[in-house]
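Below you'll find the structure, written out as structure tokens, and then a few comments.
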Amino acid sequence: RKSMTEYDPRLVAPACLYLASKVEESTVQARLLVFYIKKMCGSDDKYRFEIKDILEMEMKLLEALDYYLVVYHPYRPLLQLLQDAGITDLTQFAW
């Protein structure tokens, strides 16, 4: 509903991960997300985000999605596709 191109993708991506984890009820704490970003990116100032930055971006994402968080998972169609294609040995890997 709204373009996110005006925002830094290095902030949008972790905010998306954070929001997705909440939607899936597998919440990752924002402080852990910030910790691992800093751990992986080291002293790169481009990735110096604080918890409040991720939480603010989460709200902007929710507004852009118009608070519509219904998620359709591809698991059943994917399994059916693998069965129809006769590639059942990849079922566990696909899951």
Taken to the nearest 0.5 Å, the spacing of I37 CD1 from L11 CG works out to 8.0 Å

When rounded to the nearest 0.5 Å, the distance separating CD of Q80 from CG of L78 is 10.5 Å

Minimal heavy-atom distance between P14 and P9, with the atoms involved, is CD-O, 4.4 Å

Go through L61 and Y18 one step at a time and tell me if the side chain to side chain contact (heavy atoms under 4.5 Å, CB included) criterion holds.
CA-CA 11 Å; L61 286 168; Y18 179 64; over 6 Å; no

Determine whether a donor-acceptor pair (N or O, by modelled atom type, separation under 3.5 Å) exists between the side chain of D8 and the backbone of R10. yes

Rounded to the nearest 0.5 angstrom, the NZ-CD distance for K60 and E58 is 12.5 Å

Can R31 and E50 be said to form a salt bridge (Lys or Arg N to Asp or Glu O under 4.0 Å), step by step? CA-CA 8 Å; R31 66 178 180 80; E50 298 300 325; over 6 Å; no

task: Check the hydrophobic clustering (I, L, V, M, F, W, Y; side-chain heavy atoms under 4.5 Å; chains of links allowed) and say if L17 and M57 are grouped together.
output: no

d(K39 NZ, L32 CG) to nearest 0.5 Å is 11.0 Å

Review point. Distance-only, no hydrogens or angles: does the S21 side chain make a donor-acceptor pair with backbone N or O of V28 under 3.5 Å?
Key: yes

Output for pair (I51 CD1, Q29 CD), nearest 0.5 Å, gives 9.0 Å

- Pairwise side-chain contact, V12 with C16, heavy-atom cut-off 4.5 Å (strictly under): yes

Counting C-beta onward and ignoring hydrogens, is there a side-chain heavy-atom pair between L65 and L19 closer than 4.5 Å?
yes

- prompt: Under 4.5 Å between side-chain heavy atoms, hopping through other hydrophobics if needed: is there a path connecting I54 to F35?
  reply: no

Are L62 and L69 side-chain neighbours, meaning at least one heavy-atom pair lies under 4.5 Å? yes

Same apolar cluster: V34 and M40, side chain cutoff 4.5 Å:
no

Side chain to side chain contact (heavy atoms under 4.5 Å, CB included) test vs C41 passes for just one of F49, Y36, Y47, namely Y47

